[in-house]
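One structure is given here, and the rest of the page talks about it.
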Amino acid sequence: MKRKTKLEEIEALRGAAFLAVALQHAIAGLFVQPGLSPFSVSLGTTFLGLIRFAVPLFVFITGVVLFYNYDQSFQYGRFLKRRGQQVVLPYLFWTLFYYVWVSMLSGGAVFHHWGEFLHVVELAFTGKASYHLWFMVMIIPFYLLFPVFRLILSGKRPASANLAVVLVFLAANLVLVEVLSKGYFQSNQPILQTLYTYLDRNFLFWTFYFVLGGLAGLYYERWKKAMQSLWGVSLAITILFLIYIGVKIWGINEGQSAGNYLTSSYVTGPLRPLMMLAVLAMLPALYYAAQRLTATPTKLGRALSLIGRYSFGAYLVHAFILRFTNLLALNYLGFLGVYAQTLISFILCAGISVGLCIGYRKMRDRWRRMRVGVDRGVAG
């Protein structure tokens with residue numbers, strides 16, 4: 001594969017997506033504490049709607065990068081081997097890590113009989129070893145089926161034909177999430193019941209974001225120009241969506257003695273038609289902001305790009321770190337209020353997670369240099 005120009009704005013977007021995920025999970029852990037006012041919960045869950053772009057943006061970026069880099073030559077075997085090493089193996093490691101960690105927290109024995117090994121295998125297929133690993137179960141099929149998507153979207157066809165394909169996927173995804181939100185996926189059959197239990201991590205519900213990213217990757221320069229012209233409209237529509245979401249959430253919490261976080265946060269669930277359209281509206285503004293930050297060197301742009309480079313590892317580890325930063329906020333920072341608690345926990349979680357990944361990379365690179373005898377401390 002011919003090495004292509006690195007897309008700095010995409011790296012920054014990846015960093016923003018990770019930060020949004022970490023902040024979502026910090027909010028989820030701290031806004032359920034008792035005694036919060038309906039106003040605080042309404043404000044928190046409305047803000048949650050603003051950062052729900054995280055997972056859709058990750059899927060979109062995956063589509064952009066794959067179609068941008070593999071627009072011509074493609075060797076499926078080498079592709080799978082590389083993704084297996086870079087994506088699947090880390091996922092399996094962290095599945096095992098979270099299983100062992102949760103077992104230790106609950107006081108249970110680890111691998112004391114054969115059934116526990118089978119349980120870990122089940123966790124790997126379902127993403128239930130930790131609440132955030134469902135994403136891995138959803139994203140891996142896009143790598144496995146990438147040759148199929150290359151047939152669906154092809155640079156050999158007119159751009160209008162590929163755009164029509166993306167619009168078909170948008171319509172199909174809107175229908176799927178509408179049916180899901182209405183609770184129509186129900187069955188008493190054990191196999192179907194199991195399948196319906198894990199619909200949130202079924203890649204079919206996320207394909208629109210992937211093919212939209214594929215369209216952007218195929219026509220990247222044209223995509224950049226389109227985003228530059230649409231960002232103002234995007235920002236205005238996003239504000240309107242936020243106002244609508246805020247009013248809807250306040251209607252849920254109004255009059256309650258304590259805020260109903262779980263119900264009001266469901267309004268902005270990513271697999272809902274409202275949020276699909278809201279995220280689509282946000283995308284040009286997000287992209288334009290990332291482009292402006294990386295077009296000329298800025299501290300924020302460099303920071304987002306750095307976070308983006310380590311976002312995959314940081315995503316896998318952040319749930320472990322967040323448990324401790326949330327406990328710190330709950331047990332020792334209650335006097336600051338829920339907003340400050342959330343901000344501090346989020347900053348600590350994101351910073352430590354990215355820092356651990358940077359430290360691991362440096363240790364690994366140093367070990368590799370030592371093994372080949374080029375490290376000064378070894379080679380003399």
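The basis for the numbers below is simple: all heavy atoms, side chains too, and nothing from hydrogens, waters or symmetry mates.
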Quick one: pull up [atom1] in [X] and [atom2] in [Y] and give me the separation to the nearest 0.5 Å.
X	Y	atom1	atom2	value
Ser311	Glu11	OG	CD	7.0 Å
Leu218	Tyr70	CG	OH	14.5 Å
Met275	Met282	CE	CE	4.5 Å
Leu174	Phe169	CG	CZ	13.5 Å
Leu327	Leu333	CG	CG	11.5 Å
Ile10	Tyr68	CD1	OH	10.0 Å

Kindly give the heavy-atom pair with the smallest separation between [X] and [Y], and that separation in Å.
X	Y	value
Val21	Ala54	CG2-CB, 3.4 Å
Tyr219	Gly155	OH-CA, 4.4 Å
Ile237	Ala281	CG2-CB, 3.7 Å
Phe312	Pro90	CE2-CB, 3.9 Å
Thr294	Gly301	CG2-O, 4.4 Å
Val41	Asn253	CG1-ND2, 3.9 Å

Verify, without hydrogens or angle tests, whether [X] (side chain) and [Y] (backbone) share a donor-acceptor contact under 3.5 angstrom.
X	Y	value
Gln24	Ile51	yes
Thr207	Leu204	yes
Gln85	Arg82	no
Thr268	Ser265	yes
Thr298	Leu293	yes

>> Please identify which of these residues, Phe203, Phe67, Tyr76, meets the ring-ring contact (aromatic ring centres under 6.0 Å, His included) condition with Phe146.
In response: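 For Phe146, the ring-ring contact (aromatic ring centres under 6.0 Å, His included) check succeeds only for Phe67.
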What do you reckon, is [atom1] of [X] surrounded by more than 12 foreign heavy atoms closer than 6.0 Å?
X	atom1	result
Arg157	CZ	yes
Gln86	CD	yes
Arg292	CZ	no
Tyr360	OH	no

> Could you walk me through whether Leu343 and Ile347 pass the side chain to side chain contact (heavy atoms under 4.5 Å, CB included) check?
Replying inline: CA-CA 6 Å; Leu343 182 62; Ile347 292 173; 3.9 Å; yes
Hey, any chance [X] and [Y] share a hydrophobic cluster, counting ILVMFWY side chains that come within less than 4.5 Å of each other, even indirectly?
X	Y	result
Val32	Val267	yes
Phe125	Phe117	yes
Tyr143	Phe74	yes
Phe205	Leu145	yes
Val233	Val279	yes

> Can you list the steps and then say if Met136 with Val87 is a side chain to side chain contact (heavy atoms under 4.5 Å, CB included)?
Replying inline: CA-CA 8 Å; Met136 300 303 301; Val87 178; 3.5 Å; yes
Can you tell if the side chain of [X] reaches within under 4.5 Å of the side chain of [Y], non-hydrogen atoms only?
X	Y	answer
Leu348	Phe324	no
Tyr91	Ile140	yes
Thr45	Ile252	no
Trp250	Thr46	no
Phe31	Val338	yes
Val177	Arg272	no

> Would you say the side chains of Tyr339 and Ser40 form a donor-acceptor pair under 3.5 Å?
Replying inline: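 The answer is yes; a qualifying pair exists.
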Using the ring of each side chain (for Trp, its six-membered ring), is [X] parallel, tilted or perpendicular to [Y], with breaks at 30° and 60°?
X	Y	answer
Tyr220	Tyr287	perpendicular
Tyr98	Trp94	tilted
His132	Tyr315	tilted
Phe142	Phe149	tilted
Trp206	Tyr209	tilted

>> Are Phe60 and Trp223, when compared by the centres of their aromatic rings, separated by less than 6.0 Å?
In response: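 Centroid distance Phe60-Trp223: below 6.0 Å, so yes.
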>> Between Arg361 and Arg309, does the side chain to side chain contact (heavy atoms under 4.5 Å, CB included) criterion hold? Intermediate values first, please.
In response: CA-CA 11 Å; Arg361 173 65 64 86; Arg309 283 198 293 275; over 6 Å; no
>> Run Leu7 and Val65 through side chain to side chain contact (heavy atoms under 4.5 Å, CB included) and show every step you take.
In response: CA-CA 9 Å; Leu7 306 177; Val65 172; 5.7 Å; no
> Of Thr325, Asn326, Ile344, Leu23, which meets side chain to side chain contact (heavy atoms under 4.5 Å, CB included) against Cys349?
Replying inline: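 Output: one option passes, namely Thr325.
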